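All remarks here apply to the structure that follows.
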Amino acid sequence: MARQTPSLTKWMGIEKEKKMRYAEAGFNLEIDLTRGNIEREATDPKWTEFYLGGQGTAGKILWDRVRPEVEPFSPDNLLIFSAGLLNGTPVIGANRTSVDTFSPQTGRYSHSLFGGFFGPELKHAGYDKIIFRGKARDLMYLYIHNDTVELRDAGHLKGKGALETAHLLKQELKLPEAQVAAIGLAGENRVYMATIEHANSSASRGVGVIMGDKRIKAIVVRGTKNIHIARPKALFELIGPMYKQIHDRKDCGDPMSHEDDEAFHVDNFAWGNARKRIKGYWNKEKEIRWKALSDQVRNRWTGCYNCPKDCHQSVSYPGRPTYFQKCYSKLTYAMAAFEELDFNYDILGVTQQYGLDGFSTPQVLAFAVELYEAGILTDADLPGFPKTARERFFYLVEKIVRREGIGDALANGVYHAARQIGKGAEAFDHNSMKKFEQVPLKLGMVNFPYFLMYATGEKMNITQIEGSYPQVAIPDKEERRKFVDNWEAAPERFKKWYMEWEPQTHPSIEACVNICDWNEVMHYIDDSIGTCAWLSSFRGQFGGRPPYHIFNLPTFISLAAGIDLDPDSLWKKAARNRNLIRAINIRKGLRRADEKPPEDHWKKRDPEMEKKMLDAYYEFKGWNNEGIPTKNKLDELGLGFVSEDFLKRGILTENEMLPLAKEDAE
Amino acid sequence: MEEKIKTKIVKQIRVDIDKCTGCRACELACSAFHARPRYGSANPAGSRIRVMIDELKDVYVPVRAGFYTPAECTGRYTYTIGSKEYRECGFCRVACPSRGYFKDPSSHLSLRCDMCESDTPLETPWCVTVCGSGALIYEERETTMTENEANPEEINIGLESLADQYGMQAILDTVARMSKTYPKNISGYQISERKNDQK
Ligand code: SF4
Ligand code: SF4
Ligand code: SF4
């Protein structure tokens, strides 16, 4: 085994921390599932200063402790739940929990965030992270009530729905105020599209399957301890007026949630297995009918911890248990099945309980239907396969969550299912990238900042990468000028590029590279401090006025956590995390050849320019031609332990270039 | 028995449970305002307002802490309002031994909403300020009240129950402290002259 640097014990515990810890608890829970051992480990405040927290520190732990040879289903894989650095502080909307592990679907780093109340509660219980290793023999749940932490038998919860599990646990423990994160049947059966469900939120993209593989049905947490704030009075003075501002502001929060005009999605996103755009589908009659249905099934809008927005609807569809719906999952199943909204609400009532991701699952289902229609899957594979799309989707969901028959292959996602099924099924896998289902967008002309974000992102879904730079240029120059004048969130260079950007033209290579960089940096900040992307990194692209941005985030971090920062140093920390996560994937084999958005994502491609863009982006990032961060870059970011490891493994050579990369660049 | 007529400003918070999003910002802000030092920590477990949530039943009820009781009540009701069921406890403001609400998480002493009037009173209570959805609305109402002359027996009973909960020394200390700032520190209502001072 390669020596991991630096060892856990050296970093943790030995150097006793004298200073008061602000914003964070200062302890992680180490849960060895194989041995049933639970430890509380003091963490090093230097890590917080270096990586902030959340995804950042989780990345460091994955790098140190999971060797690249470790398979995702190995007991040596870790599953880490991290409260963001600012979770539980008064900073509005800082409630994201980051889940980090390795995915069996991509074979690489897997990461998802969920909102709600879990991260703050974990902090109040006295922990910043829960780190699971090993595997339990039987289905267990983790019980955390301040200093009491126990692994308990979850046999009685086997097969129970995710929200139902939360409900039952709170009842049996007589802890109505506890927070629960749980998997449904999909997670238990190691379905790759499995989610972890918590209150009105869920984590997806390959983390639920690992929770199931480790045999953890749920985590219950109740915490009543104080979290200390560095400069509380100043922080409260700052946030007091913000509640109303954020609540009233149209350009933050989820723009889709309260929207009854669905034209944007139904006209622009592709239906079926990411196949068909239906122009002109939307009309007033549908809008009235769909709105009436939404109003009828919606109990109320709900928000996450300490946030005045309300992006999640609580839904009770006749015959289904109450569930929560967020984001564009309102339409994903309907569009994949060429059905209407009622079908979507109906099937969500089933899939939310099973704990299935509302983005990738519909694509897997539509893919299976296509294979059947093409004769690749037959009645022998799908005995009694119904005639209508509606019934077919329900049928397939049941097969998948139980891994029954063909459901066993489909449960591995489109990429793997296509290869397992064979007989030409591979050709129907046209919308995955890095083995992961992408948002069903099929567009006209290649968009270079998007090309770069798709190609180089580590977070598998464009929504986790895009978001600060506007998607479109305002046609009227005067209007554009006005927009730019009020654009607090943007560093100066972007204002210049935006002013120069005429609709229907491509920004310069330099601009594209910077746009991609800015977009991803903001996500890396959010994902370490736990601020919601709807108030920050995702939200600048529509309206340009996110409540949080690179210029004011340093103030919030320093008032809450006592870490003094300016925009440049914050940017650098995010860049460090970005490179660290990159390095984790590089060590897992990621190379330039993988960085290809789906072939048909855009109808008109420009391979030559795309190559130039990728070259320029790699160079800008301080990466070599294979997309590997160079020694200089890594050392400059304080990631010397990464470059050392890369040199030892031969991933980097002394002159930092791979022979192959040189040829490539000729 | 002598009676005096006085005008008082009654402060109240109107609650619209249909608008509550369950964000619990009210809990956070309340606990921070009452932390020692003020704002020194934010911990919903020590809040004087709690949002009683049952996600699957769509129950979201913000409740402000009222009196302390040494024993839980018996024979609780279940209310059906609209088509939803609410347990009586879900509306109850009492700091009661049957549940963890409205007790300071470290001292376990009971907590009571003071309309954010302790020390320097706030113009608008914190819970209302942070409630973006409008589920909590602050109102001031002028009302005339008849103040009874002191009935020593009633005061005795009241003080006994307080002493029962906090101990006599704490009561004496509080009376000593309050006498310095009285009448500013009456929770729940104010004497109207004070409002004029403020303006
Ligand atoms: S903006 Fe919406 S999703 Fe984000 S924290 Fe607030 S309520 Fe939750
Ligand atoms: S702040 Fe308002 S909306 Fe939020 S939980 Fe409290 S009462 Fe409900
Ligand atoms: S009025 Fe003040 S003390 Fe009472 S619940 Fe609201 S914030 Fe707490």
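Every chain is numbered from 1, with letters handed out A, B, ... down the list of sequences. Treat the numbers as computed from the prediction; the structure is a model and nothing was measured.
- Looking at Cys20(B), the atoms closer than 4.5 Å to chain A (heavy atoms on both sides) sit in the backbone and in the side chain alike.
- Between atom CH2 of residue Trp301(A) and atom NE2 of residue His312(A) there is a gap of 10.0 Å, rounded to the nearest 0.5 Å.
- Contact annotation for Phe117(A): only side-chain heavy atoms (C-beta onward) come within less than 4.5 Å of a heavy atom of chain B.
- Taking 4.0 Å as the cut-off between side-chain N and carboxylate O, Lys19(B) and Asp310(A) do not count as a salt-bridged pair.
- With chain B as the partner, the residue from Pro90(A), Pro232(A), Pro308(A) showing the most heavy-atom pairs under 4.5 Å is Pro232(A).
- Both tests pass for Arg112(B) against the ring of Phe67(B): distance under 6.0 Å to the centre and angle within 45° of the axis.
- Contact of Glu121(A) with chain B is made through the side chain alone, with heavy-atom distances under 4.5 Å.
- Taking the ring centre of Phe114(A) as origin, the terminal cationic atom of Arg96(A) falls outside the region bounded by 6.0 Å and 45° from the ring axis.
- For a residue to count as touching a neighbouring chain, one of its non-hydrogen atoms must lie under 4.5 Å from one of that chain's; by this rule His228(A) touches chain B with backbone and side chain alike.
- At a 4.5 Å heavy-atom cutoff, the contact between Thr89(A) and chain B is made by backbone atoms alone.
- Side-chain polar atoms of Glu160(B) and Asn156(B) form no donor-acceptor pair below 3.5 angstrom.
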> Which is it for Lys330(A) and Ser294(A) under the side-chain contact (heavy atoms from CB on, under 4.5 Å) test, yes or no, and what are the steps along the way?
Replying inline: CA-CA 10 Å; Lys330(A) 186 172 161 191; Ser294(A) 291; 3.9 Å; yes

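- Heavy atoms closer than 4.5 Å to chain A are found in the side chain of Lys84(B), but not in its backbone.
- Only the side chain of Arg222(A) comes within contact range of chain B, with at least one heavy atom under 4.5 Å from a heavy atom of that chain.
- At a 4.5 Å heavy-atom cutoff, the contact between Arg50(B) and chain A is made by side-chain atoms alone.
- Chain A forms more heavy-atom pairs under 4.5 Å with one residue of Pro44(B), Ala35(B), Gly134(B) than with any other, namely Pro44(B).
- Of the possible donor and acceptor atoms, none in the side chain of Arg99(B) sits under 3.5 Å from a partner among the backbone N and O of Pro176(A).
- Both the backbone and the side chain of Ala199(A) come within contact range of chain B, with heavy atoms under 4.5 Å apart.
- With a 4.5 Å cut-off on non-hydrogen atoms, Lys170(A) touches chain B through its side chain but not through its backbone.
- Contact annotation for Pro321(A): neither backbone nor side-chain heavy atoms come within less than 4.5 Å of a heavy atom of chain B.
- A donor-acceptor pair shorter than 3.5 Å cannot be found between the side chains of Tyr138(B) and Glu123(B).
- Looking only at heavy-atom pairs under 4.5 Å with chain A, the residue among Ala25(B), Ser41(B), Ala45(B), Cys23(B) that has the most is Cys23(B).
- Interface remark: Ser314(A) contributes side-chain atoms only to the contact with chain B (heavy atom separation under 4.5 Å).
- Most heavy-atom pairs under 4.5 Å with chain B: of the set Arg231(A), His167(A), Met242(A), this distinction falls to His167(A).
- Atom CZ of Arg87(B) has 12 or fewer heavy atoms from other residues, nucleotides or ligands within 6.0 Å.
- The pair Asp58(B)-Arg300(A) counts as a salt bridge, with a side-chain nitrogen and a carboxylate oxygen less than 4.0 angstrom apart.
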